[in-house]
Amino acid sequence: MNNQENSQDFKKSLGLLDATMLVAGSMIGSGIFIVSSDIARNTGSAGWLMVVWLICGFMTLAAALSYGELSAMFPKAGGQYIYLKEAYGPVVSFTFGWTFFAVIQTATIAAVGVAFAKFTAYLFPLLDEDVYLLVIGDYHISSAQLLAIAVILLLTFINTGGVKNGKTVQTVLTLIKILSLVLLVIFGFAAFDMEVWNQNWSSANRWDLQQLNVDGSTADYATFGAFGAMSAALVGALFSSDSWHSSSAVAGEIKNPQRNIGLSLALGTLIVTVIYILTNVMYTGVLTVEQMASAPKDRVAMLVAQEIFGPVGIAILAIMIMVSTFGCNNGLILAGARIYYSMAQDGLFFKRTGTLNKNAVPAYALWLQALIASIWCLTGKYGDLLDMITCVVVMFYVLCIIGIFWLRHKRPDLPRPYRAFGYPLIPAVYILMGISFIVLLVIYKPQFTWPGIIITLLGIPLYYFVKQKESKT
C-alpha cells in the first residue's frame with residue numbers, strides 16, 4: 001500500500017444523467033426478458049401477471065423515493081451500508097455488507113455474466129452453456145462460464161481505470177438498451193394479435209388465478225395457496241428490478257450528491273418501471289399466457305421477437321440482451337466495490353479494499369469482487385442462491401426504510417435537504433408490503449428464505465470475530 005494510494009480521494013465525476021443511467025442500467029439486465037414466464041406459471045392469467053408487475057413497480061418506486069432522504073442525509077460512498085450503520089449500528093450494517101459481498105452482489109454479477117454468455121451463444125453456438133470444456137465426474141465447466149468470467153474481468157479492468165471509464169460505458173450502453181426496449185415495445189404493439197389479446201384479457205381469463213404447468217395442465221389455488229403463489233411470482237419481478245439503489249453506493253463520486261442521488265433514484269426507477277409494465281402489456285398482446293408459461297428456458301422475449309420479426313428476431317433480441325447484460329454488469333461492478341471500501345474504512349473488511357488507486361477508485365475491492373463473482377460462475381449455483389437471497393434483500397430494504405422513522409426520532413437535528421416523498425404513508429406502505437412478502441415466503445416457500453437467512457445470520461458471529469481480531473492488532 002503506497003502513499004499515492006492513501007492520498008487519493010474520490011473524484012466528483014458523475015452528473016445527474018450518469019447517476020440516473022447507473023440506476024436504470026443496473027436494474028435492466030436479462031430479467032425482463034425471462035421472468036414473466038415464471039410469473040405466468042404462478043398466476044395463470046394476464047390480470048394477475050400485471051398485478052405482480054404493478055406491485056413490484058410500486059415497491060421499487062416507493063423504496064427509491066424513501067431512500068432519497070437517507071442519501072441526502074449521508075452522501076457518502078457505501079449507500080445502504082452507511083444508512084444501516086447510522087440507524088442501527090455496526091452489527092446490522094456489517095451483516096448487510098457480509099451478505100452483499102458473499103452472495104447478493106457477487107452472485108448477481110455471476111448470474112448476469114452467464115446470462116450474457118447464454119445469449120451470445122445464439123450468435124456463436126460454441127459459447128453455449130451446454131458446450132463443456134472440462135468434465136470431472138458430475139462437475140463441468142462450460143464455454144459460457146468462461147466467457148462470463150472474461151466479461152467480469154474485462155469490466156473490472158475498465159473500472160480500475162477511473163470512474164470516468166465506468167460511467168462512459170454505463171451511460172452509453174444504458175441509453176442504447178432503453179432505446180432498444182422502447183423500440184421492442186413499439187414494434188410489439190404494432191404486431192398485436194387481437195385474438196391473443198382478447199383471449200388473455202377476456203373476463204373469464206383475466207383474474208383466473210391458477211398454476212400453469214409447462215405440459216398445459218392447470219391447478220386451481222386455495223386462498224392461502226394463492227398468497228404463496230403471488231409471493232413466489234414476486235421473487236422474479238423484484239429480482240429483475242433490483243440494484244435500483246446503485247447511485248447511492250457511489251455518493252462520493254456524484255456531483256451535488258444531496259440533490260442528484262435522490263433525483264437519480266427517482267428518475268431511474270421510474271423509467272425502468274414504466275418500460276417494464278409496457279413490455280409486459282405488449283407480451284400479453286403477442287403471446288397467450290399459456291405460451292408465456294411454457295416458453296423454452298423461460299425466454300419469453302425470444303418468442304415475442306420471433307412473432308414480431310420472424311427468424312431474424314432471435315438474433316436481434318440476442319444482441320439486445322448482450323448489450324443489456326453487459327451494461328448491467330458494469331453498473332453492478334462499479335457500485336458494489338464502494339460498499340466494501342466503506343466497510344474497510346470502518347476496519348470491518350480487508351484493509352486494502354479501503355484504499356484508492358492512482359485513478360481514485362477502489363481497485364483492490366474491484367478485483368476482490370471479481371474473484372468471488374468468478375468463483376460463483378464456476379460453481380454454477382448462483383441462480384439457486386439468488387432465489388434464496390431475494391427475501392433477505394427485501395429485509396434490508398425494509399430495515400433501511402424503518403430507519404427513516406427511527407432517525408427522525410433519534411437524530412431530529414440532522415439536516416434533511418430532501419424528505420421522503422409521501423412520508424409517513426408511502427414508506428409505511430412499503431414496510432407493510434415488504435414484511436408481508438417476507439412472511440409469505442417464509443411460510444409458503446421456505447426454500448426461498450431459510451438458506452438466505454442462514455447466510456445472513458452468519459454475519460453476526462463473523463462481525464465479533466473480525467472485531468476481536470482487530471482489537472488484537
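Note that this is a predicted model, so its numbers are computed, not measured.
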* To do: State, with a plain yes or no, whether a side-chain heavy atom of L378 is found less than 4.5 Å away from one of I141.
  => yes
* Side chains of N159 and N330: donor-acceptor distance under 3.5 Å anywhere? -> yes
* Structure fact -> Separation between OG (S248) and CD (Q80), nearest 0.5 Å, reads 6.5 Å
* To do: Using the side-chain contact (heavy atoms from CB on, under 4.5 Å) rule, take V300 and Y283 through it: C-alpha gap first, then chi angles, then the decisive distance, then the call.
  => CA-CA 8 Å; V300 174; Y283 286 165; 4.0 Å; yes
* Asked: Does a side chain donor of either R41 or S37 reach within less than 3.5 Å of an acceptor in the other side chain?
  -> yes
* **Sub-4.5 Å side-chain heavy-atom contact between T269 and M27** => yes
* Asked: Is a side-chain donor or acceptor of T106 paired with a backbone partner of F101 at a separation under 3.5 angstrom?
  -> yes
* To do: Mind listing the closest non-hydrogen atom pair of A251 and P257 along with its distance?
  => O-CB, 3.9 Å
* Give a yes-or-no answer on whether the side chains of T108 and Q105 include a donor-acceptor pair shorter than 3.5 Å. => no
* To do: Would you give the length of the straight line joining atom CD of Q258 to atom CZ of R416, rounded to the nearest 0.5 angstrom?
  => 14.0 Å
* **Donor-acceptor contact present, side-chain T353 to main-chain F349, <3.5 Å** => no
* CD on Q170 to CG on L155, rounded to 0.5 Å -> 9.5 Å
* T171 (side chain) donor-acceptor with T168 (main chain) under 3.5 angstrom -> no
* Asked: Donor-acceptor pair, Q145 side chain versus C377 backbone, under 3.5 Å?
  -> yes
* Are Y83 and Y67 close enough that their ring centres sit under 6.0 Å apart? -> yes
* Does N359 use its side chain to pair, donor to acceptor, with the backbone of V361 at less than 3.5 Å? -> no
* To do: Using side-chain contact (heavy atoms from CB on, under 4.5 Å) as the criterion, point out the one residue from L356, T355, I339, T160 that pairs with P362.
  => L356
* To do: For a side-chain contact (heavy atoms from CB on, under 4.5 Å) with S247, tell me which candidate from L267, V23, N260, L263 qualifies.
  => V23
* Which atoms form the tightest heavy-atom contact between S324 and F33, and what is the distance? -> OG-CE1, 4.0 Å
* **Shortest non-hydrogen separation from A19 to I254 and the atoms involved** => CB-CD1, 4.0 Å
* To do: List the atom of G403, the atom of Y88, and the distance in Å for their closest heavy-atom pair.
  => N-OH, 3.2 Å
* Asked: Mind checking whether F119 and M320 have side chains closer than 4.5 Å, heavy atoms only?
  -> no
* Stepwise, does the side-chain contact (heavy atoms from CB on, under 4.5 Å) test hold for S240 with I32? -> CA-CA 6 Å; S240 69; I32 185 59; 5.5 Å; no
* Quick one: which of D346, V466, I460 gives a side-chain contact (heavy atoms from CB on, under 4.5 Å) with F94? -> V466
* Sub-4.5 Å side-chain heavy-atom contact between V169 and I158 -> yes
* To do: State the OG1-CD1 distance between T156 and I149, to the nearest 0.5 angstrom.
  => 11.5 Å
* Does Y418 OH have over 12 foreign heavy atoms under 6.0 Å away? -> yes
* Asked: If you measure from CG on L70 to CD1 on I401, what distance do you get to the nearest 0.5 Å?
  -> 8.0 Å
* Asked: Are R419 and E69 within salt-bridge range, i.e. N to O under 4.0 Å?
  -> no
* Cationic N near anionic O, under 4.0 Å, R411 to E86 -> yes
* Asked: Around Y139, counting heavy atoms of other residues, nucleotides and ligands shown, do more than 12 lie under 6.0 Å from its OH?
  -> yes
* Would you say R352's side chain and F350's backbone share a donor-acceptor pair under 3.5 angstrom? -> no
* Asked: Any side-chain heavy atom of L16 within less than 4.5 Å of one from R259?
  -> yes
* F396/T456 under side-chain contact (heavy atoms from CB on, under 4.5 Å): CA gap, chis, key distance, verdict -> CA-CA 10 Å; F396 283 120; T456 303; 3.7 Å; yes
* Asked: Are side-chain heavy atoms of I321 and V323 found at a separation under 4.5 Å?
  -> no
* Asked: Below 4.5 Å, heavy atoms only, C-beta onward: do M59 and C56 meet side chain to side chain?
  -> no
* Structure fact -> Heavy atoms of A373 and I152 approach each other most closely as CB-CD1, 4.1 Å
* Asked: For L127 and S143, which heavy atoms make the closest approach, and how far apart are they?
  -> CA-CB, 3.6 Å
* Asked: When you check the side-chain N and O atoms of Y340 and Q369, is any donor under 3.5 Å from an acceptor?
  -> yes
* Quick one: does T325's side chain have a donor or acceptor within less than 3.5 Å of a partner on M322's backbone? -> yes
* Go through the steps for V163 and R338 under the test side-chain contact (heavy atoms from CB on, under 4.5 Å), then give the verdict. => CA-CA 11 Å; V163 73; R338 276 64 178 175; 4.1 Å; yes
* Do the ring planes of Y397 and W244 sit parallel (below 30°), tilted (30 to 60°) or perpendicular (above 60°)? -> tilted
* **Over 12 non-hydrogen atoms of neighbours within 6.0 angstrom of CG in D138** => no
* Asked: Quick one: which of V272, I271, L278 gives a side-chain contact (heavy atoms from CB on, under 4.5 Å) with I275?
  -> I271
* Basic-acidic side-chain contact under 4.0 Å: D18, K255 -> no
* Does the side chain of T20 pick up a donor-acceptor pair with the side chain of S264 at under 3.5 Å? -> no
* Nearest 0.5 Å, what's the CH2-SG distance between W406 and C400? -> 15.5 Å
* Could you tell me how the ring of Y341 sits relative to the ring of F10: parallel (under 30°), tilted (30 to 60°) or perpendicular (over 60°)? => perpendicular
* Between C391 and M395, is any pair of side-chain heavy atoms under 4.5 Å apart? -> yes
* How about W98 and Y81: are their ring centres within less than 6.0 Å of each other? -> no
* To do: Consider only side-chain N and O atoms of S26 and S243, and report whether a donor and an acceptor are under 3.5 Å apart.
  => no
